[in-house]
Each structure stands twice: as C-alpha cells, then as structure tokens.
Asks: 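Take this structure first; my questions come after.
Hydrogens, waters and symmetry mates play no part in the numbers below; they use all other heavy atoms, side chains included. First the proteins, then the strands, lettered A, B, ... as listed; each starts at 1. These figures come from a predicted structure and were not determined experimentally.
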Number of protein chains: 2
Amino acid sequence: MKVLIIEDDPLHRSYLNEAIRAALPECDGVLEAENGNSGERLARDCKSAHIVMDLQMSQRNGIEAARTIWKERPETRILFWSNYSDEAYVRGVSRIVPAGAVYGYVLKSASDDRLKLALRSIFIESQCVIDREVRGMQQRSLGNVNGFTEAEYEILVDIALGLTDRAIAQRRNLSVRSVQNRLQQLYIKLGVYQPLGNQDDDSRFNLRARAVAVAFLRKLLNHSALERAETDLTGWLARQPHD
Amino acid sequence: MKVLIIEDDPLHRSYLNEAIRAALPECDGVLEAENGNSGERLARDCKSAHIVMDLQMSQRNGIEAARTIWKERPETRILFWSNYSDEAYVRGVSRIVPAGAVYGYVLKSASDDRLKLALRSIFIESQCVIDREVRGMQQRSLGNVNGFTEAEYEILVDIALGLTDRAIAQRRNLSVRSVQNRLQQLYIKLGVYQPLGNQDDDSRFNLRARAVAVAFLRKLLNHSALERAETDLTGWLARQPHD
DNA sequence: CGGGACCTTGCGGGATCCCGCAGAAAAAAT
DNA sequence: ATTTTTTCTGCGGGATCCCGCAAGGTCCCG
C-alpha cells in the first residue's frame, strides 16, 4: 500500500508524512507532490495509491485535481485535509465525489489523533470520515433550512462571474424572466431583499452586487470556486456560436 | 529583547519559534498568540516586543491587528509572514504602515535562510525587508503601468460591497456622474470595457459585476479585504443620519 | 378528477446603470 | 500667468435590472 500526499506547504507535508507512517505501519511508501498538477501525474503513474490532499494550492487547486483523479479511477480514496470548512469548498467536494467512493474531510485544526484515526478509517476500514464541523456545514447546506438549492447556487455563481440576465438565460436554457425569478429567490435567501415601499429608504445597495458580496463574506463563494466557475464559463463561451 | 508571534497554525508557530531562537540568540523570550485579538492584547502588555505575524487568521485578520498595534505604538517592528502576495494584502499592508516604521514582508515559501536573514535585518539592523516577489507586486501596483489609483481601488471596493452609484457618491462626496466616470476608468483598466457599437455584440457581461469578478480573480480583492471594507461600511452607515 | 404547491413565461413600468457630450473647476505643467 | 491636462458636474437617452401581476405547466396528493 502506498500513500500520495498532495500539499504545497512543506511544513504540513512533512507533518503529514510522519503522521501517515505512524498511523499506517502497513504502508510501504509515501509519495509527495507539491501541487495539483504533479499530484495528478503521480496518481496516474502509481496506480494503487491512496491520497491525502490539501484544497487550495496555488498551481492547480485541490478540487480540480481530485476531479480528474476520480474521473480516471473512481475508486481512489481521498482524504481532504484543509484549513477551512467554507461552504464553497464543502459544496465543491460533494459535487465531485463519485457514487460510493470512500473519502474524508478533516480540518487542519484537528488533533493529531483525529487525523490518524481518519487515516485508518478511510484507508483501512474503507469508511468515510467527515469532520463534525464540516458535516454540520454540509447538513445546513443541503437541508432546506437556510440552505441553497443547486439552482440558487448556480445562479449565484453566474452573477458572481458578471453575466447578464440574458446570458444566464441562454446558458441555463431559461427565459430571462425565470432567471430574474431565481435571482429574487436568491436575494431573499441571502437576506438582501428590499421589502419595497420604503419611500424614504436610501436603497443603498445594488442587489445583484450586494448578493455577491454577502456570498463572499459568508464564504458561500471563494476564490477557488470563482476560478473553477470562470474556466467553466470560458469553455462554454468557446462552444457558443459567435452570434 | 522579546519577540511576539501571532500565527494561527500551530505547525508554523513552532517553526517560527525555532527560527527566531536560532536567528536571534540575543532574544530572551518568545511569546505566542494564535489570533489577532490575543496578539493585540499581548502586544499591549509586553511593551517592547517585536512582532512576527501571519496575515489572514480566522478570528481577527493580521492587517487589522497590525493597524491597532501600530496605532498604539507606531515604532513597533512587524514582520509579516504570509502565504500569499495578493495585491489585496500588499496594498492593505502598505496602507497602514506608519511613516518611518520598520517592517518586513516575506512569503512562507521563502527559504529558512531568507527568513532568518529577514529577522536579523528588521529586528537588529532596523532595516526593512520586502520579498522580491512582493516588492514586484508593489511596484506594479503603485507604478502607473497597469496599476490602480487609490481612487480606483476605492471605488472598486465600493461596488464589490454592493453599493449603488448614489450611495457611493454620498459616501465619497462626489456627484453621481463622477462616480460613474470613475467606474468607467475602472472598467477600462480591468479590461472589461465594451468598445460599444457592437450591434450584434454578445454583451454578455454586466460590467459592474464583471469588474468585481475579475478583481477577485486577479487577487486585487480577497476575502479579508472585503471583510475590512464591510466593517468600515457598517461603521459609516451607523454614522449616517437615517434620512 | 380537482385542488394545491411550485416553477416557468410574457408584459409592463419604474429604478438603476452605462456612457457620449460639453461646460466648469481644479491641478499640473510651461 | 497662461496653457494644458485632468477631474468634476449636469443632461439626456438607451440598455439593463428589479419585480408585481397574471396566465399557463408540471407534479403530487387526497
């Protein structure tokens, strides 16, 4: 059994390396990669590796790497080891995990023991391990209580990219009015909606822009999510006929 | 001489601790804080400490902590030790450094030696040390070539917060039209501007929203910058008469 | 089968945004 | 001091956004 580490911080890398050797004595080889690209390559070469990786690395972020790795070998077991439990990350991960795959998500702030336990659970016991904090986020996110539909999240991303209503309608195969309906939904859920009738109100906010702002502040969006969305978008634009 | 470490990652904290003891044998005490709040408190107590701190910590981010510390004791020497050289961070730092203060900005990716050298330069030789990469950013940012004016940056932040033209005008003491002029400037510099006349154009983008998006993608804005701006804004809103 | 909950779509209108045009005011250069 | 350059400002209009209203559609449940 081999384990592949994908993590750009050398300190964390060596810490992980030690933790793995300690927790998994049956492991006979630890590989290291310092970004998503070389990580993918190594994963391809060494067929049977389990993987521990960071999200957010500079070159190629963890989620993209994980996506391609899982696309090539869906049974790969991946433990995500991240600083944050941003909704954007959690959602990003759960969007790409293949059906029935074994994976984990533990925070870097977790204790030594928890990390080691997670390593054994995932790689030996074939059992998923999600940090309670992350799990909480996930629940809140998917459970309807104050959670966002896939549709709502999608349109949030679209306006965050700066698309017009019309462009969104085109992209999502909707009428412009429907797009606006979804936007309204979104505004309400984000608590940005202006109850109207405020005559003397100083309606200081541009709803569209404000929605994006609070989404960022709430970590519903973050840099890497935006980056992914941007590359998706340019792909779509390229496929579009030039009018 | 004492040194105060403000850094939320325990691994990095202990690494820093060792590096400091090795580089500064004349140092007779190293304190540690794991977020901006307790860092400020410690800095207040132990009057004469030099400081090494991370930007982006969860509780209270580095720039805010540094600002209050410098406000209380402008001659404090601070070494910023960060993962990133985002324009948002660099700009944030150079905005708050008091005249004549000694400080440094080195990346976590820097070598051991560079870190130690920086420690000695700043705390012993009273000399500023800015990583070349960061310095490059700074130049590009301040030099007019593809750089953003303070005014432009300011309005960028305002639309990122979701303010309307009118609200911005009020806040910055301008006419609405001037705000729009500045916006136009911004759009041009961000390469978002639409040359107009495209009849069949794919004007797929809402300029305002798109500007924010590319600013994020280029790391001209980031979460912590937005957070700071948001608290500034709510402060201002509170001071505003309620019509 | 009828009613209810939900989503989609068109229409219309008021508010906002984007921006060319051109004069006034301020700042910088000569 | 005068010219040049930049910035600020009002006006006007077309495009876009925001959203109430109302007419279908779909799906599920009794």
Side-chain angles (χ1 to χ4, degrees), chain A residues 144 147-156 158-215 243, chain B residues 144 147-156 158-215 243:
Chain A
N144 243 345
F148 289 73
T149 325
E150 205 53 31
E152 285 156 1
Y153 187 74
E154 197 170 63
I155 206 168
L156 168 60
D158 283 342
I159 61 171
L161 285 171
L163 292 173
T164 57
D165 293 2
R166 187 147 38 101
I168 299 174
Q170 232 171 294
R171 177 133 112 117
R172 306 300 182 188
N173 288 317
L174 291 173
S175 78
V176 173
R177 190 57 181 90
S178 295
V179 171
Q180 295 174 332
N181 273 339
R182 292 187 176 187
L183 281 175
Q184 237 168 126
Q185 289 282 113
L186 183 69
Y187 298 151
I188 292 173
K189 282 214 183 165
L190 283 172
V192 168
Y193 185 73
Q194 305 224 330
L196 175 77
N198 264 345
Q199 193 48 277
D200 56 323
D201 90 331
D202 5 37
S203 79
R204 296 205 155 87
F205 289 119
N206 171 326
L207 292 193
R208 175 177 287 245
R210 185 59 180 166
V212 175
V214 323
D243 267 334
Chain B
N144 244 344
F148 288 73
T149 325
E150 204 54 32
E152 286 156 1
Y153 187 74
E154 198 171 60
I155 206 169
L156 168 60
D158 283 343
I159 60 172
L161 285 172
L163 292 173
T164 58
D165 293 3
R166 186 146 40 99
I168 299 174
Q170 234 171 292
R171 177 134 111 116
R172 306 301 182 187
N173 288 315
L174 291 171
S175 78
V176 173
R177 189 56 180 90
S178 295
V179 170
Q180 295 174 331
N181 273 339
R182 274 143 119 112
L183 281 174
Q184 239 169 122
Q185 288 284 113
L186 184 69
Y187 298 152
I188 292 172
K189 282 214 183 165
L190 283 172
V192 168
Y193 184 73
Q194 306 225 329
L196 176 78
N198 265 345
Q199 192 50 278
D200 55 325
D201 85 335
D202 8 34
S203 79
R204 295 205 157 89
F205 288 118
N206 172 326
L207 292 192
R208 173 176 289 244
R210 184 60 181 168
V212 175
V214 323
D243 268 334

Asks: Quick check: any donor-acceptor pair below 3.5 Å linking the side-chain of Asn181(B) to the base of dT9(D)?
Replies: yes

Asks: In whole angstroms, how far is the C1' atom of dC18(C) from the CD atom of Gln185(B)?
Replies: 14 Å

Asks: Just N and O in the side chain of Arg166(B): are any of them under 4.0 Å from OP1 or OP2 of dT16(C)?
Replies: yes

Asks: Between Tyr187(A) and Ser175(B), which residue's closest nucleotide on DNA chain D lies nearer the 5′ terminus?
Replies: Ser175(B)

Asks: Quick check on dT8(C): is either OP1 or OP2 less than 4.0 Å from any side-chain nitrogen or oxygen of Ser178(A)?
Replies: no

Asks: In terms of side-chain heavy atoms of Asn206(A), which of dC17(C), dT9(D), dC18(C) is nearest?
Replies: dC17(C)

Asks: What is the separation between atom CD1 on Ile168(B) and atom P on dC18(C), rounded to the nearest whole Å?
Replies: 10 Å

Asks: So which atom in Ala209(B) and which in Ile159(A) form the shortest heavy-atom distance, rounded to 0.1 Å?
Replies: CB-O, 3.7 Å

Asks: Given that Val179(A) and Val176(B) both sit by DNA chain C, which one's nearest nucleotide is further toward the 5' end?
Replies: Val179(A)

Asks: Report the distance from atom CZ of Arg172(A) to atom P of dT9(C), rounded to the nearest whole Å.
Replies: 14 Å

Asks: What verdict does the side chain to side chain donor-acceptor pair (under 3.5 Å) test give for Asn181(A) and Arg177(A), after you've listed the backbone C-alpha separation in whole Å, the side-chain angles of each residue and the deciding distance to 0.1 Å?
Replies: CA-CA 6 Å; Asn181(A) 273 339; Arg177(A) 190 57 181 90; 2.9 Å; yes

Asks: How close do Leu186(A) and Phe148(A) get, counting heavy atoms only, and between which atoms?
Replies: CD1-CE2, 3.9 Å

Asks: Closest approach of Thr164(B) and Arg208(B), non-hydrogen atoms and distance?
Replies: CA-NH1, 4.2 Å

Asks: Taking Leu161(A)'s backbone N and O only, do any of them form a donor-acceptor pair with Arg210(B)'s side chain (distance below 3.5 Å, no angle check)?
Replies: yes

Asks: Locate the shortest heavy-atom distance separating Leu163(A) from Ile168(A); write the atom from each residue and the value.
Replies: CB-CG1, 3.7 Å

Asks: Taking atom types as they are modelled, is there a donor-acceptor pair under 3.5 Å from the base of dC19(D) to the side chain of Gln180(A)?
Replies: yes

Asks: What is the minimum heavy-atom distance between Val179(A) and Ile155(A), and which atoms define it?
Replies: O-CD1, 3.4 Å

Asks: Would you say Gln184(A) reaches dG20(D)'s phosphate, i.e. side-chain N/O to OP1/OP2 under 4.0 Å?
Replies: yes

Asks: Would you mind reading off the distance between Asp165(A) atom CG and dC17(D) atom P, rounded to a whole angstrom?
Replies: 4 Å

Asks: To the nearest Å, give me how far apart CG (Leu186(B)) and P (dC19(C)) are.
Replies: 11 Å

Asks: Tell whether Arg177(A) reaches the base of dG12(C) with its side chain through a donor-acceptor pair below 3.5 angstrom.
Replies: no

Asks: To the nearest Å, give me how far apart CG (Leu183(B)) and P (dT7(D)) are.
Replies: 15 Å

Asks: Could you give the CZ-to-C1' distance, from Arg204(A) to dA15(C), as a whole number of Å?
Replies: 17 Å

Asks: With a 4.0 Å limit, can you tell me whether Arg182(A) has a side-chain N or O closer than that to the phosphate oxygens OP1/OP2 of dT8(C)?
Replies: yes

Asks: Looking at five pairs on each end of the helix from dC1(C)-dG30(D) to dT30(C)-dA1(D), what is the angle between the two axes, given to 10 degrees?
Replies: 30°

Asks: Kindly say whether Glu152(B) contributes a backbone atom to a donor-acceptor pair with the side chain of Thr149(B) at under 3.5 angstrom?
Replies: no

Asks: May I have the distance from Glu150(B) (atom CD) to dT6(D) (atom P), rounded to whole angstrom?
Replies: 20 Å

Asks: Using the side-chain heavy atoms of Leu174(B), tell me which of these nucleotides is nearest: dC18(D), dT8(C), dC8(D).
Replies: dC8(D)

